[in-house]
Amino acid sequence: MIGERRLIVTPLSVANLVCAMSMRSLGKLASIAAVAIVTLTLTARGESRLGAAIGHAEAVTAAHGMVVAQEAIAARIGADILRRGGNAVDAAVAVGFALAVTYPRAGNIGGGGFMLIHRAAGEDTAIDYRETAPAAINDKSFLDAQGNADPQKSRDSALAIGVPGTVAGLALAEAKYGSGHFTLADLIEPAIALARDGFAVADDIADSLAADRSRLARWPSSAEIFLKPDGAMLAPGDKLVQPDLARTLEAIAKDGPPAFYEGPIAHQLAAAAQAAGGVMTADDLKAYRAVERAPIRGSYRGYDIVSMPPPSSGGIALVEMLNILEGYDLAHDAEAQTLFLMIEAMKRAYADRAWFLGDPDLVQVPIAQLTSKTYANKWRATIDPARATAAVDIRPGGTVKAEGRNTTHFSIVDRFGNAVANTYTLNFSYGVGLVAAGIGVLLNNELDDFAVKPNTPNAYGLLGFKANAPGPGKRPLSSMTPTIVLKDGMPFLVTGSPGGSLIITAVLQIVVDVIDRGMDIASAVSAPRVHDQWMPDKVFAEPGLAANLITALEARGDSVVVRRLPTSANSILVTPEGLVGAADPRTRGALAAGY
Ligand code: DON
C-alpha cells in the first residue's frame, strides 16, 4: 500500500501564476520598484511569516522509498516502480516520461534538463541532457536589425527551440544506472497508456492551460490537443488525450532514442520547427548527445553538497553562497541578520554567474576557484554586516583571476540508499507553445537562456556576457539546481526547484533552513523565501515574510519588493524516523508518494 497525501492549498496559492510570464516581468520591476515597494510592503506588513499566500506543505513519511513530484499521477507511477523493486533511477525515468504526458507545462520530451544521481555503491554522477543550439544559431541570431536583443525571437518564436535532450538523457540514465529489473519500454509504458487513453485535467494543469491559452492557441497543432472544438480551453474534468504523443512514445519504447533522433520522427520534428520559422534540422537531432559529468561538490558544516555542474550555474552558485555563509553563525544570528547575510551572498554569486559561466564544452569555467573556501573568504571580507552592498559595487569575479515556468523538479530516494534529484524544463510554461504536428511533442524555447546580447537581461532578468553568448551546438546556461546533501556519505536531503533565476536561491534557503535553523522539511519547503540576483538591485520577498524582517533589511539599505516567487521545491529529508517527503504548496497538485 502506497502512503501519500494530497496537498491542501488555500485559494490564494500561487498556482494560477504563470511562472514564465511573472518572471518576464522581473526585469521590468526595477523601473516600477518605487511604486511596488510602497504598495506591496504595506500589504505584507502585519502578516505572519507563514502567511496566507503560501499553503503549508504536509510531511509524508515512508519507510522504504519516496517520490515527490509536481503532479500526482506521475508521482504514484514512480512510487509503484520503487515498490516493485526498482531503484531511484528506474523511478526517475518512469516519472520523467509520465510527466511529459500528465504535466505538459514542464514535463517533456521536447525540452531538456539535468539528473543528479547519488549511488549507494559507486560514484555520484550528473546526467546533462540540456538542449543544444542548432548549428545555424550564432551570436546574432536573436538580435533585431539595429543589433538590439529581440525578445520576440528568443522567447516567442520557433527560432528559440533548442535540440531536445530529454529522451537521450533519460535513456542514458536508465542504461547505465537503472536496476536492470526494468527495460526502458517497461518504464515508458505508463506514459504511453496515459497519452493514448487520456486523463482528467486538474490542479495546476487546469490553472496553467487557462493562463497560457494565447501561447498555445496560435499554433493549430497545439490547439487541436489543448482546445475543445468550440475553441474553449480544456477545463477541470475534461480529458486530455494525446494520441500522436502516444505513438511517439511507443516508437521510443520499441527502438530507444534513435527512434526520436533519427528517422521519420526526427524529420517531422525538424519540419515542424522550420515550418514555424525555426532552424533546427534533422542533422541537429542526429548529432545530439546527453553528457555525463562530474557533479559539483562542496561541504557545509559537516555535510557534503552534491549539485549540478555547468551548463547549470546552480551547483557553483549554491556552493559559493554556502561557502560564504559558513563563516557566520547563522544558527544563532537573529533571523533578520541571517536573511541579510544570505542576500549579500546571493548578490556575489549571481554576479559571478553572469560573468564566468557558460557551456563547459565551449568556454573555460573556473570551477575550482569559484567553489573554493579561499575564494569565499575573499568575498566574505567585502560584506559589511551592517550595510547592504549596492549591486553596482559588486564587480563580477571581483577576486577571481580571469582565465581567459517552466520547469519541474522531482526528488526520489529508494530503499537501497540511492537518490535522484531531477529538474527538467521547456523554459516557459508549455515552452514556445508549439506541438510538432503529427508527433505530439511540445517544443521548448530554451535558447532565451543564452545572453542573446551581452549585458542584456533574459526573461528571468539575468545578465550574461561572452561565456553565455549563443553559438552553434552550444548549451545555454541554466539555473536548474538539482541537489543532494549527504551526511557521512548517505543521502540526507534531496531537493531542487523550478523558477528560472529563483531556483538557486530557493535551494540555498532549503539547505540553510534545514541545516542551520533545524526546520523540518515541510516547514522549510513552505517558508516564505527571499531572492536577490545581483541585478536588478532588489531583494524580492514572498508575501508572508514577517514585516519586521523586511524592515530590518530596508534599514540595512536593501530595497525590498514583495511579490510571489514561483518556485516549487519538492524535497525529501532522510530522518531517523524514515523518509519524509514534502511537496511544495506553491503549485496545486503536487504529491509526496512513498511506501
Ligand atoms: O534552465 C533554466 O534556468 C530555465 N530555463 C528554467 C526555467 C524555469 O525554471 C521556469 N520555471 N518556472
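Both counts, for ligands and for their atoms, begin at 1 and track the order of listing. Side chains included, hydrogens not; waters and symmetry mates left out as well; all remaining heavy atoms used.
- Of all the heavy atoms in V363 and A467, the pair that sits closest is CG1-O, 3.6 Å.
- Contacts between F428 and ligand 1 below 4.0 angstrom, taking non-hydrogen atoms only, are absent altogether.
- Close approach of ligand 1 to M480 is summarised as follows: ligand atoms under 4.0 Å from at least one heavy atom of the residue are 1 (O), 3 (O).
- In plain terms, the two heavy atoms of Y350 and D532 that are nearest each other are CD1-O, 3.8 Å.
- No hydrogens or angles considered: nothing links the side chains of N444 and Y424 as a donor-acceptor pair under 3.5 Å.
- Salt-bridge annotation for K153 and D144: absent, with no side-chain N of the basic residue lying under 4.0 Å from a carboxylate O of the acidic one.
- In terms of polar-atom proximity, P566 is not counted as a contact of ligand 1, lacking any N or O under 3.5 Å from an N or O of the ligand.
- Within ligand 1, counting atoms from 1 as listed, the ones closer than 4.0 Å to a heavy atom of G499 are 8 (C), 9 (O), 11 (N), 12 (N).
- Heavy atoms from both the backbone and the side chain of T407 come within less than 4.0 Å of ligand 1.
- Look at K474 and D359 and you find no salt bridge, because none of the NZ, NE, NH1 or NH2 atoms lies under 4.0 Å from a carboxylate O.
- Close approach of ligand 1 to S479 is summarised as follows: ligand atoms under 4.0 Å from at least one heavy atom of the residue are 1 (O), 2 (C), 3 (O).
- Only side-chain heavy atoms of R130 come within less than 4.0 Å of ligand 1; its backbone N, CA, C and O stay farther off.
- Listed by atom number, the atoms of ligand 1 under 4.0 Å from I503 heavy atoms are 9 (O).
- Salt-bridge check for R130 with D128: failed, with every basic side-chain N at 4.0 Å or more from each acidic carboxylate O.
- For atom 2 (C) of ligand 1, the nearest non-hydrogen atom from the set L477, T567, I504, D449 belongs to D449.
- Looking at D212 and R105, no side-chain N of the basic residue comes within less than 4.0 Å of a carboxylate O on the acidic one, giving no salt bridge.
- Less than 4.0 angstrom separates some heavy atom of Y460 from each of these atoms of ligand 1: 7 (C), 8 (C), 10 (C).
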